[in-house]
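Structure first, then comments.
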Amino acid sequence: MKSRVVPLAAATIVSLMLTACGSPAGANNNALTSTDFPLTIMNCGQAVTLEKAPERVVLLESSPVSYLHSLGVMDKVVARAGTYPTAYFDAPTQQEIDRIPLLTDKLDTSGHLQISQEVIMAQRPDLVLGTAQGLNRETLAASGIPLLEEPSFCPQPPNNPTFQDIGEQMKTYARAFGISNRGASAALALEERVKRISRPSAAAEKRTAAVLYPTLGGGATYAYGTKSMAHPQLEAAGFTNVFADVDQRVFEISREELIGRNPDVLILLHTADNPDEISHAITSMKGAESITAVAKNDVMTQLFNFTEPGSPLAIEGLEHIIERFRQ
């Protein structure tokens with residue numbers, strides 16, 4: 001079973017990318033380079049073929065929105081499912097989202113979207129972005145519906161993800177929509193933005209940190225290792241990931257292990273508007289007062305897509321972390 005949260009997300013563009021979800025690219029497309037179709041894209045180790053630039057896109061998660069908005073193709077989205085927290089988006093982006101019909105926002109306790117394949121197919125999409133519990137990529141493909149999933153959510157996520165991967169994903173979306181030049185310009189702007197805001201520290205001065213996903217109601221706590229976007233995010237913020245020795249994206253940890261690793265800083269991810277409950281799930285654990293981050297109140301909650309998967313929102317999340325823990 002695949003996981004989102006637990007083991008089983010131009011000249012004009014330069015200014016737009018100064019925020020994760022700035023204004024869409026200008027309407028003048030005359031200078032854009034067209035993609036040759038049919039186009040084959042490797043996604044999650046599988047070849048996905050698009051016969052033409054998509055005109056009817058179904059979104060199954062919020063993380064692609066910042067890419068699509070930046071590329072000016074949100075008007076191609078005909079339906080969406082999942083949650084789209086307003087904290088992720090500026091007003092123009094939110095207006096684009098609000099005009100798109102919502103099929104369902106039902107998630108299970110670990111953040112998986114609950115929607116039937118039949119509901120998706122009823123929208124007659126020519127591209128699906130994201131996946132859901134029980135969604136079958138092969139069945140969709142047999143019906144001529146290609147699916148692209150965020151690389152971080154693939155069964156085998158990329159090794160050693162970096163912020164450059166976000167630019168590459170921007171280029172991939174641009175190719176898929178037949179607007180390659182927009183992707184190149186946007187990717188360059190993203191790279192420059194990360195360089196500008198990163199705050200690497202001398203090794204001897206680095207504080208340690210951990211990124212966790214707590215489950216409410218006494219459930220499991222999950223941590224993020226080197227195959228997650230949390231790892232380069234912590235490094236760019238000047239921290240050392242206490243789970244840098246774990247070659248996984250996300251994995252369950254015990255209370256004792258968290259206490260033993262004793263991070264100086266804790267960043268707690270969540271998918272709903274309940275940051276106080278999320279923080280309490282960790283700080284109220286038996287022995288939590290012995291964790292340096294808890295003792296010094298260096299605990300930060302952050303919406304999930306501000307860290308995972310790699311997207312322009314993760315760059316904004318990096319800014320949030322740097323601002324919160326600036327010394």
Side-chain angles (χ1 to χ4, degrees), residues 9-13 16-17 24-81 93 96-97 99-101 103 117 119-132 135-155 158 164-190 309-312:
T12 53
I13 295 215
L16 103 83
M17 293 312 300
N28 184 358
N29 299 342
N30 294 335
L32 299 179
T33 298
S34 297
T35 302
D36 290 330
F37 290 94
L39 170 69
T40 298
I41 296 173
M42 293 303 298
N43 182 247
C44 295
Q46 299 189 42
V48 179
T49 299
L50 283 73
E51 298 296 333
K52 60 182 180 62
E55 295 288 339
R56 295 186 58 83
V57 178
V58 171
L59 271 178
L60 300 184
E61 58 181 301
S62 59
S63 52
V65 168
S66 55
Y67 289 114
L68 303 189
H69 175 77
S70 298
L71 295 170
V73 293
M74 281 289 285
D75 60 323
K76 308 299 183 184
V77 182
V78 298
R80 60 188 172 101
T93 310
E96 291 178 325
I97 293 169
R99 71 155 186 84
I100 303 169
L103 302 176
Q117 189 160 278
V119 170
I120 296 169
M121 295 178 70
Q123 301 301 313
R124 297 180 292 106
D126 51 18
L127 178 63
V128 173
L129 296 180
T131 191
L135 183 63
N136 189 304
R137 180 197 292 263
E138 290 71 26
T139 302
L140 287 177
S143 299
I145 304 172
L147 181 148
L148 293 176
E149 190 167 359
E150 292 298 307
S152 295
F153 295 150
C154 293
Q164 288 184 331
D165 296 338
I166 300 174
E168 292 304 311
Q169 186 67 3
M170 182 75 80
K171 294 177 185 177
T172 296
Y173 279 128
R175 289 174 59 222
F177 284 89
I179 49 175
S180 298
N181 277 7
R182 283 191 190 177
S185 300
L188 179 60
L190 289 173
S311 80

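Atom CZ of residue R80 and atom CD of residue E96 lie 12.0 Å apart, to the nearest 0.5 angstrom. Between the CD atom of E150 and the CD atom of Q169 there is a distance of 5.0 Å, given to the nearest 0.5 Å. Taken to the nearest 0.5 Å, the CD atom of E138 stands 12.0 Å off from the OG atom of S143. In this structure, OG1 on T172 lies 12.0 Å from CE on M42, to the nearest 0.5 angstrom. Rounded to the nearest 0.5 Å, atoms CG (L140) and CG (L127) are 10.5 Å apart. One distance of note links CD1 of I145 with CD1 of I120; it measures 8.5 Å at 0.5 Å rounding.
A donor-acceptor pair is defined here as one N or O able to donate and one able to accept, closer than 3.5 Å; such a pair exists between the side chain of Q117 and the backbone of N136. Proximity of a side-chain donor or acceptor of D126 to a complementary backbone N or O of R56 within less than 3.5 Å is detected. Checked by atom type and distance alone, the side chain of R182 never pairs as donor or acceptor with a backbone atom of A174 at under 3.5 Å.
Only one option out of L135, V58, L129 pairs with L147 in a side-chain contact (heavy atoms from CB on, under 4.5 Å); it is L135. Evaluated for a side-chain contact (heavy atoms from CB on, under 4.5 Å) with I97, the options L59, V65, V77 yield exactly one hit, V65.
Listed here is the closest heavy atom pair of P151 and P158: O-CD, 3.4 Å. When all heavy atoms of S180 and R175 are compared, the closest pair comes out as OG-CG, 3.8 Å. Closest approach of Y67 to S311, counting heavy atoms only: OH-CA, 3.3 Å. The nearest pair of heavy atoms linking A53 to F177 is CB-O, 3.9 Å. In terms of heavy-atom proximity, I166 sits nearest to G310 at CG1-C, 3.7 Å. Contact record, E51 with T49: OE2-CG2, 3.8 Å, taken as the closest heavy-atom pair.
Side-chain atoms of S63 and E61 form a donor-acceptor pair, as typed in the model, at a separation below 3.5 Å.
D75 places a side-chain heavy atom less than 4.5 Å from the side chain of R99. Looking only at side-chain heavy atoms (C-beta outward), R137 and N43 come within less than 4.5 Å of each other. Taking 4.5 Å as the limit, every side-chain heavy atom of P101 sits out of range of all side-chain heavy atoms of Q123.
Within 6.0 Å of CD in Q164 there are 12 or fewer heavy atoms belonging to other residues, nucleotides or ligands.
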